[in-house]
Amino acid sequence: MNPWIVRGLGMTFVHVMTRVVLGVAITAWPLHGSLMRWLGIVVVVLAALIWAGLDGIRDARAHPSEREEADLTMTWLKAGAVAGLLSGAICWVIGAVSDVALGENTLFFELTSGAAFTLLLVFVPAMAAVAVGRFIVHRETDKAEQAAVAAPVPVAVGAAGAVSDVEATEQWSHETGDDGYAFAEGPYSDDAPTEVFRAHDAGQAGHRADDDAADTEVFRAVQPPKE
């Protein structure tokens, strides 16, 4: 079943039940008729707000891009038209066959002016609720993306000293040996090879290796000239 039909039938049920309860209440407490009519309007508006707000939230989560969002405007416009026409006709029939005080309106009035008023009660709050629901979801998404960008990338070092996410870190440690020569060690892994150089004391050979299994290139450490 089409979404606008489901929403139209649902809002029709809410509107008809509200008018029936309102008619019974006005018959019992006629001096409070104005207040109860306003309460009836609030009930219909709240139903549209809650339902359309949930639609906006679900649609924004299903379609992060605004270009892919569903056309909820036409969905709720059609739903409001169905609710206005159908509820007007049902209320006229109930008023004609029962003693419930639903007004002295004619069927023509119920299907024209009355239906238009019901359409506005459904459509206007629904559009406001859809906009608010989408705004909330988009703001939460933006905050999550900003937090992900600002968060530091975790670096896990294994037992052999390999870094699991080399491409996200450029951390190098510099130490000085007992002989006064400096050497540098950098993180490396199989996925993103890095160069590791160790400069040893004079007379010893240094080596470069990406890992234990890789080929090595042997070179001589440069010694300062003797005076």
Side-chain angles (χ1 to χ4, degrees), residues 1-140:
M1 187 178 294
N2 291 331
W4 62 271
I5 296 178
V6 175
R7 284 149 184 79
L9 295 177
M11 293 306 301
T12 298
F13 175 78
V14 172
H15 188 75
V16 171
M17 292 303 299
T18 301
R19 287 190 63 177
V20 170
V21 173
L22 181 62
V24 174
I26 290 177
T27 303
W29 300 285
L31 298 179
H32 302 283
S34 299
L35 177 61
M36 287 185 287
R37 288 187 179 91
W38 281 108
L39 288 177
I41 292 175
V42 170
V43 170
V44 176
V45 170
L46 282 177
L49 283 173
I50 295 173
W51 200 341
L54 294 176
D55 280 348
I57 292 174
R58 285 194 296 263
D59 183 63
R61 288 177 177 174
H63 307 93
S65 176
E66 296 183 1
R67 297 180 179 179
E68 299 176 353
E69 291 177 347
D71 187 9
L72 296 178
T73 301
M74 291 305 300
T75 298
W76 278 99
L77 181 61
K78 294 177 181 179
V82 170
L85 294 172
L86 195 56
S87 64
I90 294 174
C91 289
W92 180 83
V93 172
I94 293 175
V97 300
S98 67
D99 296 332
V100 180
L102 298 181
E104 301 295 334
N105 300 324
T106 63
L107 180 61
F108 178 78
F109 178 87
E110 292 287 357
L111 297 180
T112 53
S113 300
F117 181 70
T118 303
L119 188 152
L120 292 176
L121 286 181
V122 173
F123 178 70
V124 175
M127 287 298 94
V130 167
V132 172
R134 286 173 172 172
F135 173 76
I136 292 173
V137 174
H138 291 322
R139 187 178 64 175
E140 292 177 352

**Item:** Side chain to side chain, L39 and T18, heavy atoms closer than 4.5 Å
**Value:** no
**Item:** Closest non-hydrogen atom pair between A48 and P125, with its separation
**Value:** CB-CB, 4.3 Å
**Prompt:** Does the side chain of W51 come within less than 4.5 Å of V122's, by heavy atoms?
**Reply:** no
**Asked** Atom OG1 in T12, atom CG in L86: separation rounded to 0.5 Å?
**Response** 4.5 Å
**Request:** Just jot down the side-chain contact (heavy atoms from CB on, under 4.5 Å) partners of I41, sequence neighbours excluded, or say none.
**Result:** W38, V45, F117, L121
**Request:** Side-chain contact test, heavy atoms from C-beta onward, threshold under 4.5 Å: evaluate it for L119 versus L77 and give yes or no.
**Result:** yes
**Asked** Looking only at heavy atoms, which two atoms of H15 and S87 are closest? And how far apart?
**Response** CD2-OG, 3.2 Å
**Request:** Search all heavy atoms of M127 against all heavy atoms of L72 and return the closest pair with its distance.
**Result:** CE-O, 3.4 Å
**Gap separating the NE2 atom of H32 from the CD1 atom of I26, nearest 0.5 angstrom** = 11.5 Å
**Complete:** Output for pair (T75 OG1, F123 CZ), nearest 0.5 Å, gives 10.5 Å
**Message:** If we ignore hydrogens and angles and just use 3.5 Å, is the side chain of D59 paired with the main-chain N or O of A70 as donor and acceptor?
**Reply:** yes
**Message:** I need the R61 CZ to I136 CD1 distance, nearest 0.5 Å.
**Reply:** 9.5 Å
**Prompt:** Which residues satisfy the side-chain contact (heavy atoms from CB on, under 4.5 Å) test with L102, sequence neighbours excluded?
**Reply:** R19, C91, I94, V100
**Prompt:** What residues form a side-chain contact (heavy atoms from CB on, under 4.5 Å) with N2, not counting sequence neighbours?
**Reply:** W4, I5
**Asked** Looking only at atom types and distance, does a side-chain atom of S113 sit under 3.5 Å from a main-chain N or O of F109, one as donor and one as acceptor?
**Response** no
**Message:** With rounding to the nearest 0.5 angstrom, report the CG to OG1 distance, D99 to T27.
**Reply:** 9.0 Å
**Message:** Tell me the closest heavy-atom pair linking V44 and M11, and the distance in Å.
**Reply:** O-CE, 3.7 Å
**Complete:** Output for pair (W92 CH2, E104 CD), nearest 0.5 Å, gives 12.5 Å
**Prompt:** Do you know which two heavy atoms are closest between M36 and W29, and how far apart they sit?
**Reply:** CE-O, 3.2 Å
